[in-house]
Colleague: 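One structure, as structure tokens, below. Some questions next.
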Amino acid sequence: MKRERIEDIAEILDKRGKMTLEQLEEVFPNVSQMTLRRDLFQLEEDGRIIRIRGGAMSVKEVQKVSGEAYTKKTTINTDAKIVIAQKAAALIDDGSCVFMDGGTTAMYLSKEIPDMNCHIFTNGIAVAMELAQKKNINITVVGGQLMKDNLSTASPASRAYFDSTNFEIAIVSATAFTPEEGFSCNSQIESDLLRDVFKKARHVYMMLDSSKIGKINPYTFARLEDIDVLITDDHFPKEFKELFEKNNIVVM
């Protein structure tokens with residue numbers, strides 16, 4: 001019975017793309033919300049859905065725009081990414097101008113941002129498509145070469161592009177961090193773009209889940225002195241938190 005219900009939930013989500021818990025309760029009126037939550041946890045462990053705030057999204061829905069590599073990333077450290085996204089969303093005010101990168105944590109952030117009057121620049125295709133579902137958010141996609149593994153764009157021409165644009169806040173993420181090598185990523189062209197973004201932004205917020213600590217990628221795009229706020233999860237090591245705070249970085 002349980003397995004049949006879980007399969008039914010997966011099938012419905014594949015058809016509809018995404019649903020809230022309330023919508024699932026309407027479909028399964030004799031099943032408690034707690035049981036439905038457990039079913040969603042199970043489906044996420046099976047790699048068939050992605051939990052979002054208040055509901056879930058089918059992995060197939062993400063694959064429509066992102067492909068397999070990006071989809072796999074969205075299912076890694078989901079709980080941490082949701083926590084970080086919720087914290088970051090609370091920092092975006094009505095009327096603000098923000099740059100967001102194209103990482104999977106940014107995609108979760110795009111789901112958490114309220115439908116408010118703000119302008120968001122992004123180099124993330126999946127991020128832009130998620131934001132496009134909200135009526136009041138003005139979205140500008142930064143063009144350039146498409147990096148298929150994370151569905152982001154970047155171009156050497158971005159420096160000239162950012163000369164004529166303005167945003168107060170940059171909210172970005174890193175795939176690796178060590179105190180010695182700083183924040184790093186896998187793409188030289190993306191690293192160059194992020195450095196241009198940091199020069200333009202008044203404040204830089206870094207989203208970093210604890211699983212990225214101690215890892216090194218080929219291209220460093222930021223060091224401690226380049227960021228103002230670190231947004232992380234509840235498992236972030238105490239010694240690293242102290243390191244950031246010692247460098248006058250707010251840790252959330």
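Throughout, residue positions are numbered sequentially from 1 according to the sequence presented. All figures in this text were calculated on a predicted structure; none of them were measured in a lab.
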Colleague: Can you check whether Met116's main-chain N or O pairs, donor with acceptor, with Asp94's side chain at less than 3.5 Å?
Modeller: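 No; judged by distance alone, with no hydrogens or angles, the pair does not exist.
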
Colleague: Please report the closest heavy-atom contact between Phe177 and Leu208, naming both atoms and the distance.
Modeller: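 Minimum heavy-atom contact is CB-CD2, 3.9 Å.
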
Colleague: Would you call Asp8-Arg5 a salt bridge at under 4.0 Å N-O?
Modeller: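 No, this pair does not count.
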
Colleague: Run Gln42 and Arg38 through side chain to side chain donor-acceptor pair (under 3.5 Å) and show every step you take.
Modeller: CA-CA 6 Å; Gln42 182 62 56; Arg38 285 198 293 264; over 6 Å; no

Colleague: How long is the gap from CD1 on Ile120 to CD1 on Ile113, to the nearest 0.5 Å?
Modeller: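 One finds 4.0 Å between CD1 of Ile120 and CD1 of Ile113.
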
Colleague: Just by distance, with hydrogens left out, do Thr104 and Lys81 show a side-chain donor and acceptor under 3.5 Å apart?
Modeller: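 Indeed, the side chains of Thr104 and Lys81 share at least one donor-acceptor pair under 3.5 Å.
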
Colleague: Hey, are Lys111 and Glu130 close enough for a salt bridge, meaning a charged N less than 4.0 Å from a carboxylate O?
Modeller: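 A salt bridge is present here (some side-chain N lies under 4.0 Å from a carboxylate O).
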
Colleague: Is Lys246 salt-bridged to Glu242, going by a charged N under 4.0 Å from an acidic O?
Modeller: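 Judged by the 4.0 Å cut-off on N to carboxylate O distance, Lys246 and Glu242 do not form a salt bridge.
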
Colleague: Minimum heavy-atom separation for Asn186 and Pro218, please, with both atom names.
Modeller: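 Nearest pair, atom of Asn186 first, then Pro218: OD1-CD, 3.4 Å.
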
Colleague: Looking only at non-hydrogen atoms, find the nearest pair between Arg223 and Glu180 and report the distance.
Modeller: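 Scanning both residues, the minimum pair turns out to be NH1-O, 2.9 Å.
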
Colleague: If I compare all heavy atoms of Val197 with all of Ala170, which pair ends up nearest, and what's the gap?
Modeller: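 For Val197 versus Ala170, the nearest heavy atoms are CG1-CB, 3.6 Å.
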
Colleague: Is it true that a side-chain atom of Arg195 and a backbone atom of Thr220 form a donor plus acceptor pair closer than 3.5 Å?
Modeller: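 Yes, the answer is positive, given that a donor and an acceptor are paired below the 3.5 Å cut-off.
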
Colleague: What pair of heavy atoms forms the shortest contact from Ala85 to Tyr108, and how long is it?
Modeller: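 Scanning both residues, the minimum pair turns out to be CB-C, 3.6 Å.
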
Colleague: Quick check: closest heavy atoms across Met107 and Ala126, and the distance to 0.1 Å?
Modeller: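 Closest approach of Met107 to Ala126, heavy atoms only: SD-CB, 4.1 Å.
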
Colleague: Between the main-chain N or O of Leu224 and the side-chain N or O of Asn247, is there a donor-acceptor pair closer than 3.5 Å?
Modeller: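 No, Asn247 side chain to Leu224 backbone: no donor-acceptor pair under 3.5 Å.
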
Colleague: Answer yes or no: is there a donor N or O on one side and an acceptor on the other, between the side chain of Asn138 and the main chain of Cys118, under 3.5 Å?
Modeller: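 Side chain of Asn138 to backbone of Cys118, a donor-acceptor pair under 3.5 Å: no, none is there.
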
Colleague: Find the distance between CZ (Phe221) and OG (Ser191) and round it off to the nearest 0.5 Å.
Modeller: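 Taking CZ in Phe221 and OG in Ser191, the distance rounds to 7.0 Å.
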
Colleague: Between Thr105 and Asp209, do the side chains contain a donor N or O and an acceptor N or O under 3.5 Å apart?
Modeller: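 Not at all, the side chains of Asp209 and Thr105 share no donor-acceptor pair under 3.5 Å.
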
